[in-house]
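To keep things clear, I will list the structure first and then write my remarks on it.
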Amino acid sequence: MLAMEKRFFLKQLATKLADSKQVFILQTRENEIAAKQDIDKITELNQESIIIIDSYTRHAKLLEYIELQQYKNLTIILAARTHEHYRYLRENEYLKQANLIEIDTLDDLELEYFYDIIEYGGMWYPSSKDTKTKYSESQKKKIMREKCKREISLILAEILESEAMKNKIVEILNDLFSKQINKKQVFAICLLNLMDIPISIGSLEEIIGEHDLSIYQDENLKNIIDINLIDKDNLISVKSPIFSLLILKIYFTNEITQYFLDILHRINKKSNHDIQLNEIKKNLFRFRFIERLLPENGKIDRLISYYEKLKLEFDWLIRDPQYWLQYAMCFIMHNDLDKAQQKLSTAYEKAERTDYDVTKIDNQQARLHLKKAARHNTNIKEAVELFLRSDRLLTGQKDGDVYKYKIMMDYRDFIENRSSSFSSEQWHQIIGCCEKQLKYLDNNISKERFKEQHIYEECKDMLEEICARKTK
């Protein structure tokens with residue numbers, strides 16, 4: 001879920017729970033010593049209490065402390081953006097005992113309600129200037145289900161990316177951006193907002209080097225991203241990450257990667273012990289984060305250019321397996337499989353010299369094997385061997401790792417593209433792999449309703465479909 005959804009949900013939840021229990025929303029301000037003291041004081045009240053910790057993935061030490069204390073009469077509610085939660089979950093087994101609720105994926109009834117809200121506001125216009133006719137009800141619902149994957153944030157982004165909305169944003173910001181310092185500040189604010197990192201005047205000065213307070217008096221800017229200085233710590237509240245994303249895509253298309261490089265250059269001179277600066281740095285090296293901020297037109301060229309400039313700017317990256325993995329993902333997305341393999345092989349080589357966990361490299365290597373196997377110009381014997389190698393890599397991944405099941409969905413492309421050339425023996429091998437994975441899914445995957453379960457079920461359906469096919 002995006003920050004806007006998360007905060008709104010937590011406020012509503014806290015209000016509802018306060019009818020029967022004491023509810024506290026923990027504001028750590030990165031001061032975990034004070035947070036621990038606050039929690040101790042709450043538990044000393046000897047009453048049923050609930051503590052809500054937002055963006056919990058930033059507070060690993062605090063969670064370790066809470067786990068060790070084993071407080072009685074205390075319920076902890078943790079909230080995080082979806083992708084951050086699943087990344088953290090993979091590394092912290094004790095959290096798998098928690099009850100998980102995901103609020104950004106809509107079921108059928110919720111989708112109908114959400115559609116009614118959108119229609120009531122008259123918000124949905126064609127997203128392309130070339131499209132003159134409005135969408136029908138069935139077309140809109142299909143887009144919500146399929147293109148937007150039932151996710152609130154993706155639905156809102158689809159609606160707001162209309163040509164009319166883009167033109168309105170440009171009109172509002174043109175005057176403000178006549179001053180370069182204003183443009184740099186808005187860029188930094190939007191970027192930190194999308195990273196779900198607390199935004200303060202101090203943090204902005206850290207990453208852009210200068211600051212102009214007059215920007216917060218601009219009424220036009222408030223109309224778009226609703227910036228408010230909220231307390232004595234000069235923290236800035238930005239209520240709309242979706243608008244932050246749109247502003248970056250609309251206004252910074254041609255210079256966004258240079259802004260990333262400038263920020264990294266400045267951060268690289270700072271202390272490695274600053275948690276927030278390290279998180280910013282990680283995100284600006286991370287393929288998935290960078291890729292979603294770039295426009296579709298020319299995306300792959302921008303990505304390759306960016307990763308080439310990264311290693312020129314920071315030569316220590318050439319020894320980092322994580323860098324080569326991220327670079328490889330650019331070429332996998334572009335289906336340049338030979339170059340992708342070259343980068344993945346380099347990632348493996350660098351990993352051998354460190355204690356780097358190759359799990360993520362193995363996932364992408366499995367994906368790459370499947371893409372190669374599905375190609376018609378790959379010899380069928382080699383294609384089947386590539387499939388088997390991919391299956392072995394995925395089997396070796398951690399139990400319940402959702403990412404391996406996302407990659408396993410590529411089995412379908414391989415089967416559809418190459419099955420007409422399988423021998424009976426090859427079919428037998430492939431069906432055997434699918435039956436093994438299906439058996440694991442049946443025996444080991446829990447049935448909670450959250451995003452992982454949707455992926456498991458989709459993968460299970462795909463494997464059952466393959467296993468049901470007759471061999472030659």
Side-chain angles (χ1 to χ4, degrees), residues 1-3 81-87 104 127 147-149 151 153-158 160-161 187-188 190-197 241-264 267 279-314 317 320-337 339-344 346-347 360-361 363-368 370-371 402-403 406-407 409-410 451 455:
M1 67 184 115
L2 287 174
R81 293 186 181 182
T82 306
H83 67 281
E84 292 171 348
H85 164 70
Y86 285 121
R87 187 168 64 245
D104 66 343
S127 58
K147 182 178 179 181
C148 301
K149 302 176 183 178
E151 294 184 20
S153 56
L154 294 181
I155 294 169
L156 291 175
E158 173 71 17
L160 294 174
E161 281 195 31
F187 180 89
C190 292
L191 188 68
L192 295 183
N193 184 219
L194 289 170
M195 292 180 182
D196 198 22
I197 289 175
I242 292 175
F243 271 123
S244 293
L245 179 61
L246 287 178
I247 288 170
L248 293 186
K249 283 190 168 186
I250 292 169
Y251 249 103
F252 296 91
T253 297
N254 296 321
E255 52 195 340
I256 189 167
T257 54
Q258 187 57 52
Y259 273 74
F260 293 156
L261 291 167
D262 291 344
I263 290 172
L264 282 170
I267 289 176
E279 187 62 27
I280 295 169
K281 187 188 298 185
K282 285 180 185 178
N283 279 316
L284 293 182
F285 288 145
R286 189 173 287 139
F287 168 79
R288 292 299 180 198
F289 182 81
I290 298 299
E291 180 268 332
R292 75 188 183 104
L293 299 184
L294 299 180
E296 292 302 320
N297 186 27
K299 177 180 286 190
I300 186 61
D301 292 334
R302 294 175 197 272
L303 281 167
I304 292 171
S305 174
Y306 179 64
Y307 278 96
E308 278 296 318
K309 288 177 180 177
L310 278 177
K311 69 178 178 181
L312 292 174
E313 185 75 22
F314 312 105
L317 282 174
D320 185 354
Q322 181 71 5
Y323 164 78
W324 292 104
L325 170 62
Q326 302 304 304
Y327 200 176
M329 291 168 70
C330 298
F331 291 107
I332 292 175
M333 185 184 78
H334 189 50
N335 282 318
D336 191 339
L337 305 188
K339 287 184 179 178
Q341 185 59 69
Q342 181 187 57
K343 307 306 179 190
L344 279 183
T346 303
K360 294 177 182 178
I361 306 178
N363 272 335
Q364 294 306 317
Q365 182 65 75
R367 185 188 298 277
L368 186 55
L370 288 170
K371 283 184 172 289
V402 69
Y403 295 102
K406 286 183 177 180
I407 294 167
M409 292 303 299
D410 286 346
K451 182 174 277 186
I455 293 166

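Quantities reported herein were computed from a predicted structural model and do not represent experimental measurements.
Smallest separation of non-hydrogen atoms from N193 and S244: OD1-OG, 2.8 Å. Contact record, L317 with L310: CD1-O, 3.7 Å, taken as the closest heavy-atom pair. Considering every non-hydrogen atom in both A347 and L325, the closest pair reads CB-N, 3.9 Å.
F252 places a side-chain heavy atom less than 4.5 Å from the side chain of I247. Counting heavy atoms from C-beta on, the side chains of Q364 and M329 come closer than 4.5 Å. Proximity of R288 to Q326: side-chain heavy atoms (C-beta onward) are nowhere separated by under 4.5 Å. L245 is not listed as a side-chain neighbour of C190, based on a closest heavy-atom distance of 4.5 Å or more. Side-chain contact check for L284 versus Y306: some heavy-atom pair is nearer than 4.5 Å. Counting heavy atoms from C-beta outward, M195 and F289 have side chains that approach closer than 4.5 Å.
Residues satisfying the salt bridge (charged side-chain N to carboxylate O under 4.0 Å, His left out) test with E308, not counting sequence neighbours, are K311. Annotation: salt bridge (charged side-chain N to carboxylate O under 4.0 Å, His left out) contacts of K343 (sequence neighbours excluded): none. Every residue two or more places apart in sequence or in another chain that forms a side-chain contact (heavy atoms from CB on, under 4.5 Å) with S305 is listed here: K309. Evaluation of the side-chain contact (heavy atoms from CB on, under 4.5 Å) rule for A340 yields F331, I332, L368 as partners, not counting sequence neighbours. D410 is linked by a salt bridge (charged side-chain N to carboxylate O under 4.0 Å, His left out) to R367, counting only residues two or more places apart in sequence or in another chain.
Y327 and Y323 have tilted rings, their planes meeting at an angle from 30° to 60° on a 0 to 90° scale.
With rounding to the nearest 0.5 Å, the separation of CZ in F287 from CD in Q322 is 12.5 Å. In this structure, CD1 in I361 is found 9.5 Å from CD in Q365, a value given to the nearest 0.5 Å. Atom CD of residue E158 and atom CD of residue E151 lie 13.0 Å apart, to the nearest 0.5 angstrom. If you take CD1 on I267 and CG on L264, they are separated by 6.0 Å, rounding to the nearest 0.5 Å. Atoms CG and CD1, on L192 and I263 in that order, are 7.5 Å from each other to the nearest 0.5 Å. Atom-to-atom distance recorded for L344:CG and L337:CG is 10.5 Å, nearest 0.5 angstrom.
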Take H334 and L303 through the test side-chain contact (heavy atoms from CB on, under 4.5 Å) and record every step on the way to the result.
-> CA-CA 10 Å; H334 189 50; L303 281 167; over 6 Å; no
Show your working on side-chain contact (heavy atoms from CB on, under 4.5 Å) between L191 and L293 and close with a plain yes or no.
-> CA-CA 10 Å; L191 188 68; L293 299 184; 4.1 Å; yes
What's the verdict on side-chain contact (heavy atoms from CB on, under 4.5 Å) for K299 and M333, showing C-alpha distance, side-chain angles and the deciding distance?
-> CA-CA 10 Å; K299 177 180 286 190; M333 185 184 78; 3.8 Å; yes
Intermediate values then yes/no, side-chain contact (heavy atoms from CB on, under 4.5 Å), L194 and L248 | CA-CA 10 Å; L194 289 170; L248 293 186; 3.6 Å; yes
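With a 6.0 Å radius and a threshold of 12 heavy atoms from other residues, nucleotides or ligands, K281 has its NZ atom above the threshold. Remark: N297 CG is loosely packed, at most 12 non-hydrogen atoms of other residues, nucleotides or ligands lying under 6.0 Å away.
For the pair R302 (side chain) and T253 (backbone), a donor-acceptor distance under 3.5 Å is present. Side-chain N or O atoms of Y307 include one that pairs as donor or acceptor with a backbone N or O of F285 at under 3.5 Å.
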Only distances under 3.5 Å count here; give the side-chain donor-acceptor pairs of residues 254-261 to other protein atoms, sequence neighbours excluded, each with its distance to 0.1 Å.
| residue | atom | partner | partner atom | Å |
| --- | --- | --- | --- | --- |
| E255 | OE2 | K183 | NZ | 2.7 |
| Q258 | NE2 | D262 | OD1 | 2.9 |
| Y259 | OH | Q180 | NE2 | 3.1 |

